[in-house]
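The structure appears right after this line, and notes come after that.
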Amino acid sequence: MPTSTEISSCLRSSMVTATRILRGTSPQAATCLPFLPTLPHILNRTHWEPPRSLLIVNKHRTKVVVDAIDVLLQYMREKYPSVRIFHEDRPDIPEGVEVWHPGPDAEQIDLIVTLGGDGTILHASSLFKIGAVPPVLSFSMGTLGFLLPFHIDDYAKALDSAFAGRATVLHRMRLACTFEGADGARIGAHGEDWQVMNEVALHRGSSPHLNTIDIFVDGQHLTEAVSDGLIVSTPTGSTAYSLSAGGPIVHPSLSALVLTPICPRSLSFRPLVFPSSSSITLRIGARSRASAGLSMDGQTSHVLGPGEAVTVQASRFPVPCINRSSIADPPVRGDAEGAGPGTEDDWVRDINSLLQYNATFRSKALLRHSRG
């Protein structure tokens, strides 16, 4: 297994906004992972090849979603007839696609296409709990979100850019979680079977009592937290639950872990940001009057009692999300100020348009004018 220093070094080199999509690297992560024993044949590839398989992940099939999938499938069959198209094994599976089952023996996927909201991308990430996630091309179905660079109307241009190798990706960090019982024995057979894209949250749930949680960083006791709970988030997750709890906004290209308390008893307990090489252990204190529910990306998975713990560290397998700005056609520019399409940061645009970051009455009026 790689050391935490190796993981940190890998993530620093991989989390860049301009990484070319290589078919050889997309199924198993990126060329920055030399310590993976399964990658030698991939790392030797130096030429790009278009995706040969595509997985569609969509939210509940409303009429709008059904129509969008039909149009997308028709375009793929006409433009890229040799590409195998897969879908999860669900009752609403589209007609004419192959069934895909997640797991270590799953069919190789070169590109994921999501249709829905941010939750659809989180679900796509969860399908690849073991190993890496292929590049993700995300289409919004009328939903605003930080992970939705493309509107469904742009499907043709976005697909063509991805298949032509012109798209760039942002490697969004994931978290790997392991669990320990009160006796210190690991719970579960696979250390990294639980991987999350946004956050891991310990919370008191329906209990009226505060949780008492001991926090360890790299094995060193940091503090005993008495609060409604704790959140460990990725930079991507810093604009989700952690932000609502008062955590900082962190650029998704950074490699870091964000620790945010939920309604702490002590006013001096402030959020902390750790390097991705850190390992954070949250152990339910022996004096805790309540068990703690544990949720990962909003899905409840475990209930931890006194003495039990969860350890969170950076995963070796980030989620490569295709950027919108990287495939925009830059116009002919003279001496105009600012970055043009194809060079601007999607995230900077999003915190202004979605969060109304630092928006005053005047800047809000200017924003409305710019949209007109």
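Note that this is a predicted model, so its numbers are computed, not measured.
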Side chain to side chain, Thr114 and Phe139, heavy atoms closer than 4.5 Å = no

task = For the residue pair Trp347 and Ile249, establish whether any side-chain heavy-atom pair is separated by less than 4.5 Å.
result = yes

Residues two or more places apart in sequence or in another chain: which of them pass side-chain hydrogen bond (donor to acceptor under 3.5 Å, both in side chains) with [X]?
| X | value |
| --- | --- |
| Thr311 | Thr281 |
| Glu88 | His123 |
| Glu95 | none |

Apart from [X] itself, what residues make up its hydrophobic cluster, given side-chain heavy atom links below 4.5 Å?
| X | answer |
| --- | --- |
| Tyr241 | Ile231, Ile262 |
| Leu267 | none |
| Val66 | none |

Would you say [X]'s side chain and [Y]'s backbone share a donor-acceptor pair under 3.5 angstrom?
| X | Y | result |
| --- | --- | --- |
| Ser53 | Asp110 | yes |
| Ser238 | Val250 | yes |
| Ser161 | Lys157 | yes |
| Thr223 | Ala225 | no |
| Asn58 | Leu115 | no |

key: Inter- and intrachain pairs under salt bridge (Lys or Arg N to Asp or Glu O under 4.0 Å), touching residues 274-298, at least two apart   = Glu180-Arg283, Glu224-Arg287

Any pair counted as salt bridge (Lys or Arg N to Asp or Glu O under 4.0 Å), so long as it reaches residues 197-217, sequence neighbours left out = Arg204-Asp228

query = Are Leu304 and Val226 grouped together when hydrophobic residues (ILVMFWY) are joined by side-chain heavy atoms under 4.5 angstrom apart?
reply = no

ask   = Is Leu222 linked to Val310 within one hydrophobic cluster, defined over Ile, Leu, Val, Met, Phe, Trp and Tyr using a side-chain heavy-atom separation of less than 4.5 Å?
value = yes

inquiry  = Does atom CZ (Arg265) have a neighbourhood of more than 12 heavy atoms from anything else shown, all under 6.0 Å?
reply    = no

Derivation and outcome, side chain to side chain contact (heavy atoms under 4.5 Å, CB included), residues Thr178 and Arg186 = CA-CA 7 Å; Thr178 57; Arg186 178 172 292 185; 4.2 Å; yes

Assess, by modelled atom type and distance only, whether the side chains of [X] and [Y] contain a donor and an acceptor separated by less than 3.5 Å.
| X | Y | result |
| --- | --- | --- |
| Arg174 | Ser125 | yes |
| Ser253 | His251 | yes |
| Ser288 | Thr212 | no |
| Asp160 | Tyr155 | no |

Return the minimal non-hydrogen interatomic distance between [X] and [Y], and the atom names on each side.
| X | Y | value |
| --- | --- | --- |
| Leu111 | Pro134 | N-CB, 4.1 Å |
| Glu308 | Val303 | OE1-O, 3.8 Å |
| Leu257 | Ser276 | CD1-CA, 3.5 Å |

task = Sort and list the pairs that fulfil ring-ring contact (aromatic ring centres under 6.0 Å, His included) and have at least one residue in residues 276-311, not counting sequence neighbours.
result = Phe179-His302, Trp194-His302

task = Working to the nearest 0.5 Å, report the span between CG of Leu159 and CG of Leu54.
result = 7.0 Å

query = Can you tell me how far the CE atom of Met76 sits from the CG atom of Leu72, to the nearest 0.5 Å?
reply = 7.0 Å

request  = Evaluate the ring planes of Tyr80 and Phe163, with Trp represented by its six-membered ring, and classify them as parallel (under 30°), tilted (30 to 60°) or perpendicular (over 60°).
outcome  = parallel

Name all residues meeting the salt bridge (Lys or Arg N to Asp or Glu O under 4.0 Å) criterion together with [X]; count only those two or more places apart in sequence or in a different chain, and write none if there are none.
| X | answer |
| --- | --- |
| Asp70 | none |
| Asp154 | Arg324 |
| Arg84 | Glu98, Glu107 |

